[in-house]
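A quick write-up on the structure given underneath.
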Amino acid sequence: MNEAVQLTHISHIYGRHRVLYDVSIAIQPGIIFGLLGPSGSGKTTLIKVLLGILKPALGQSIVMGTRMPSLHQMKHIGFMAQSDALYPELTAQENMEYFASISGLERQSVKMRVKSCLETVDLTSSAKKQVSSFSGGMKRRLSLAAALVHDPDILILDEPTVGIDPVLRETIWKEFHRLTVEGKTIIVTTHVMDEAEKCDQLALLREGEVIVQGTVEELKASIKADSLEEVFLHYGRVTS
Amino acid sequence: MKAAAVIHRILRQFRRDKRALALMLFAPILVITLLWLVLDTEEYEPEIAIVDAPVAFTNIIEHKEADFSSMNMREAGRVLKAGEVDGVLSWEDDRLSLILEGSDSAANRSVIRLLQETLQDMNPLHQEITLEILYLHGSAELNLFDNTGPVLIGFFVFFFVFLVGGISFLRERIQGTLEKSLASPLKRWEIIAGYLGGFGLFAVLQSLIIIFYSIYVLDMFMAGSFWNVLLITLLLALAALSLGTLLSTFAGNEFQMIQFIPLVIVPQVFFSGIFNLETMHPFLRGIGRIMPLTYGAEALRGIMIRGEGPSDYWMQIAVLAGFSVLFISLNILALKKHRRL
Ligand SMILES: Nc1ncnc2c1ncn2[C@@H]1O[C@H](COP(=O)(O)OP(=O)(O)OP(=O)(O)O)[C@@H](O)[C@H]1O
Ligand SMILES: [Mg+2]
């Protein structure tokens, strides 16, 4: 019982549409876990269930031993949604300060954490700019910084690097690895294969079902493929 | 308390969103001024017939801006009925009696005002004077602006807080910040409390400006206490905000929020007492009983026209507070859709 996240037999339906079917995933602490799957396969839905902001029809999400939703565990979770949840009227700095204070960070440390997180995503020079004047990539980076601001133990990132240039993407992934060394757990959804390669563990989702999960090597070995792309295409085709 | 962070953030948003700020603070001023221009005809020079007044009195009143003619009571009665004068002043011992023609409320007001000024000027003579006002037609109805003014003050506060508050909350839902807030340790009631606090502060500011402007600049009739008026407008703002955020749950975009105005706001105006409902079927009149603005308007009229204090309208206060409690609870319940805690 020392998993960071444990999802057990999760099923969910939207209207009459089955979005998740009997998904069970266990995520060990201190790793980067990649959630892979074509568009519409249920990644975002699964993440909402994990966070406890969507109640599944069946199954439960347990984070660090506590059943979600739990206000206590929320303090230790950083969440970056697929669409940028930011206040366009406010500056980057003000957005960060707000998210820092609602996530339970002490007053004294807010300023410092905001500053260092904005540095991580290379937005220090734009801290005083209103978010409405930001480019897509800048908003993405700010959302990431907002998820990091309270130094959470578990980071849940829904397609964090969409619209971010390769150089910065590299820095961000380096930061992810640094965080896992500190013992943090990171869960990312992605479509990008070279990002998936960097994950310690992967789960491939298709039409709401986990087709296969394991390390990158295990996945490749399972169908004797050379690249993850092949794995993705192989499992995407099978039985469809 | 994390609700304080929500309040702080809302205040910052307001500071950036100059349009919303201007809408809340100055649009009511503009509209109320226009109404004043239309409804309040101030510069009317009344025509008054005077019967048997003491010299001390006529000496003073004759310097006022009015058209006077002395005559006997019979003659005065005839010209009053014919509408040739606005009022007849007659004097018996120490009793001053004023008969107003009554059908023009603006004329009534200027005659009464003129007379009060005169009596004040006479005060150095330390005379005990009782003024009796009679109406040939109509009654002591104040002018339309004074009469509808209290309701308008309540209406503006209600309308603008409803609209701006509702749309802000809707935006949180659309832009995903509500979801993001719910993915934090913020409690549902803290979100609602933060909203009430942040917008409450603006509602206070807005109410202060509207009340101050109406009473001291536009000279709206005001018999009661400024603070009582503020209390009622605040309660109205609370009800409006909680109703606005609640209804925003059922709107998919800003335009759909606007569509609530003819459904939710306009009927409240009809039933709030701007229009006379005496002739309406009692059952239909009862519809007004389920509308917050009805209670706010009743209390505001009581304060501003009749000079009532809280003991006279505690029922209205209780009902307004009840509406707010109901809407706030429903808001917290509605958020449960997103997160159980
Ligand atoms: N609120 C909703 N109401 C109804 N159906 C929904 C809702 N949200 C998602 N769906 C459906 O659930 C399915 C899974 O959606 P989800 O957003 O989880 O996919 P995803 O894997 O995140 O896709 P993408 O990679 O494009 O972000 C889709 O078919 C979508 O149409
Ligand atoms: Mg998604």
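Residue numbers begin at 1 in each chain, while the letters A, B, ... track the order of the sequences. Quick note: numbers below take in every heavy atom, side chains included, and nothing from hydrogens, waters or symmetry partners.
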Walk me through whether A:Thr91 and B:Arg12 qualify under side-chain contact (heavy atoms from CB on, under 4.5 Å). CA-CA 10 Å; A:Thr91 63; B:Arg12 279 180 152 172; over 6 Å; no

If I measure from the heavy atoms of chain B, does [X] come under 4.5 Å with its side chain, its backbone, both, or neither?
X        : value
A:Ile156 : neither
A:Glu97  : side chain
A:Asn95  : neither
A:Ala146 : both
A:Gln130 : side chain

Heavy-atom closest pair, residues [X] and [Y]:
X        : Y        : value
B:Glu179 : A:Lys48  : OE2-CE, 3.0 Å
A:Pro88  : B:Gln175 : CD-OE1, 3.5 Å
B:Pro185 : A:Ile102 : CD-O, 3.5 Å
A:Leu90  : B:Arg16  : CA-NH1, 4.1 Å

Spacing of [atom1] belonging to [X] relative to [atom2] belonging to [Y], to within rounding of 0.5 Å:
X       : Y        : atom1 : atom2 : value
A:Met74 : B:Leu182 : CE    : CG    : 7.5 Å
B:Arg19 : A:Glu89  : CZ    : CD    : 13.0 Å
A:Glu94 : B:Gln13  : CD    : CD    : 9.5 Å
A:Ser83 : B:Lys180 : OG    : NZ    : 11.5 Å

Between A:Tyr98 and B:His8, is any pair of side-chain heavy atoms under 4.5 Å apart? no

Sequence neighbours excluded, which residues qualify as ring pair (Phe, Tyr, Trp, His ring centres under 6.0 Å) partners of B:Phe160? none

Can you tell which part of B:Glu190 gets under 4.5 Å to a heavy atom of chain A, answering side chain, backbone, both or neither? neither

Counting only non-hydrogen atoms closer than 4.5 Å, can you tell me which residues of residues 14-39 of chain A sit against chain B? none

